[in-house]
Amino acid sequence: MACSCFPEDRPAARGGERYNFAAGPAMLPPTVLAQIQDELPNWQGSGLSVLEQPFTGAPFKDLMQQAEQDLRALLALPPNYRVLFLHGGASCQFALLPLNLLAPGQSADYLESGHWASKAIAEARRHTPLNIIASGRDNGFTALPEPGEWRLDPRAGYCHVTSNETANGLQLQHFPAIQAPLVADMTSDFLTRPLPVERFGLIYASAQKNLGVAGLCLLIVRDDLLGPPRAGLPSPFSYALQAEQQSRLCTPPTFALYCAALMLRWIGQQGGLAAMARAGRAKSQLLYRAVDASGFYHCRQRVADRSTVNVCFQLRDARLLPQFLAEAQRAGLYHLQGHGAVGGVRASLYNAMPLAGVERLLGFMHDFERRHG
Ligand code: PMP
């Protein structure tokens with residue numbers, strides 16, 4: 001019996017182009033995939049795979065240092081920020097943020113902007129009191145509360161935002177300068193646009209969308225927030241202890257780190273964050289314009305808050321969705337189903353998605369509409 005992971009009519013197997021619109025783990029640039037494949041058996045002439053490198057050896061330490069330097073250059077990161085390469089996903093940080101940044105009983109501010117902010121809030125609540133500064137729940141998370149509406153608590157230890165709501169297709173366009181350290185979950189739009197880094201106390205992002213593969217969480221933290229961890233916090237989860245040990249307090253996720261290093265280099269070669277932002281706007285605008293112009297598809301998200309990386313839309317006749325998704329996959333357009341909590345279609349257009357992928361999707365959408373509209 002054929003395994004459902006490898007359908008026999010998979011277009012790639014027949015030599016056709018394939019585009020992966022998954023929200024994550026996401027598409028990698030073909031040149032990065034090819035480099036991984038090429039040098040896998042013998043990394044940098046060491047005679048061993050990168051998978052077998054000791055993390056304390058000079059070659060791997062150099063790789064970590066180079067990755068950090070490339071990241072610093074891309075973001076123009078000021079020297080008072082530290083870069084940590086941590087295990088686990090952003091979900092682990094949902095719990096570790098209050099345990100690292102707050103004194104027992106101290107509260108934090110949270111913006112409830114969608115599915116992932118709600119997850120961050122639910123987890124943080126297990127460890128600390130918190131204040132919801134504003135919520136999009138009443139509009140079904142189809143629009144973001146304006147920063148002018150945020151009810152900030154002057155005693156908050158930090159203020160947490162989700163820069164891009166992956167499931168809901170909403171993205172913060174601006175980051176206000178506020179008094180409390182601004183902490184951002186940037187898992188889905190990290191390195192897709194230039195950032196005013198100095199407005200943030202801490203930024204974190206799982207790697208599997210714009211920065212390679214799963215298993216690594218990248219964290220950027222301002223020096224002064226690396227205080228003593230709460231009593232009882234296991235050492236590998238302490239930002240301060242990990243910073244002291246250059247993210248080598250325990251074995252870091254070496255393969256994911258190697259992939260992140262390749263992605264950082266690739267982003268630089270493409271022209272850096274300004275180029276990523278230009279490409280992201282071009283790809284997403286093409287899709288939003290087509291959806292808005294059509295009576296067959298529609299997008300519920302408020303125009304000003306729409307995400308450049310997760311374009312979410314619906315088919316007006318929802319009964320056609322399973323057929324849309326199945327035909328798309330046969331055409332080499334993979335993983336277009338919306339998040340389970342939201343439904344519909346979601347096209348994730350991370351850095352590695354070329355404009356040609358969006359054009360192929362548009363061609364398919366027009367054809368599907370012509371046949372079913
Ligand atoms: N935050 C956001 C915005 C996300 O999109 C995701 C994953 N889709 C997460 C957090 C959770 O990441 P992980 O599964 O790596 O913990």
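First listed ligand is number 1; within each ligand, the first listed atom is number 1.
With ligand atoms numbered from 1 in the order given, ligand 1 contributes 10 (C) to contacts under 4.0 Å with heavy atoms of F94. Close contacts between ligand 1 and N164 involve ligand atoms 3 (C) [criterion: under 4.0 Å to a heavy atom]. The contact set between ligand 1 and T166, taken as ligand atoms under 4.0 Å from a residue heavy atom, comprises 2 (C), 3 (C), 4 (C), 5 (O).
Only the side chain of S206 comes within 4.0 Å of ligand 1, counting heavy atoms alone; its backbone N, CA, C and O stay farther away. Contacts with ligand 1 closer than 4.0 Å are made by side-chain heavy atoms of K209 only, the backbone lying farther away. Residue contacts with ligand 1, taken as heavy atom pairs separated by less than 4.0 Å, involve Q208 solely via side-chain atoms from C-beta onward.
The pair D367-R370 counts as a salt bridge, with a side-chain nitrogen and a carboxylate oxygen less than 4.0 angstrom apart. Salt bridge status for R125 with E112: absent, with no side-chain N to carboxylate O gap under 4.0 Å.
Residues F324 and F364 bring their aromatic ring centres within 6.0 Å.
Using a 4.5 Å cut-off on side-chain heavy atoms (C-beta onward), L286 and E359 make contact.
Here the rule is side-chain contact (heavy atoms from CB on, under 4.5 Å) with V32, and of M263, R265, Q37 only M263 fits it.
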Evaluate K119 against D185 for salt bridge (charged side-chain N to carboxylate O under 4.0 Å, His left out), listing each step before the verdict.
CA-CA 11 Å; K119 291 258 193 203; D185 174 3; over 6 Å; no
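Here the heavy atom of the protein found nearest to atom 1 (N) of ligand 1 is D185 OD2, 2.6 Å. Among all non-hydrogen protein atoms, the one lying nearest atom 16 (O) of ligand 1 is S91 OG, 2.6 Å.
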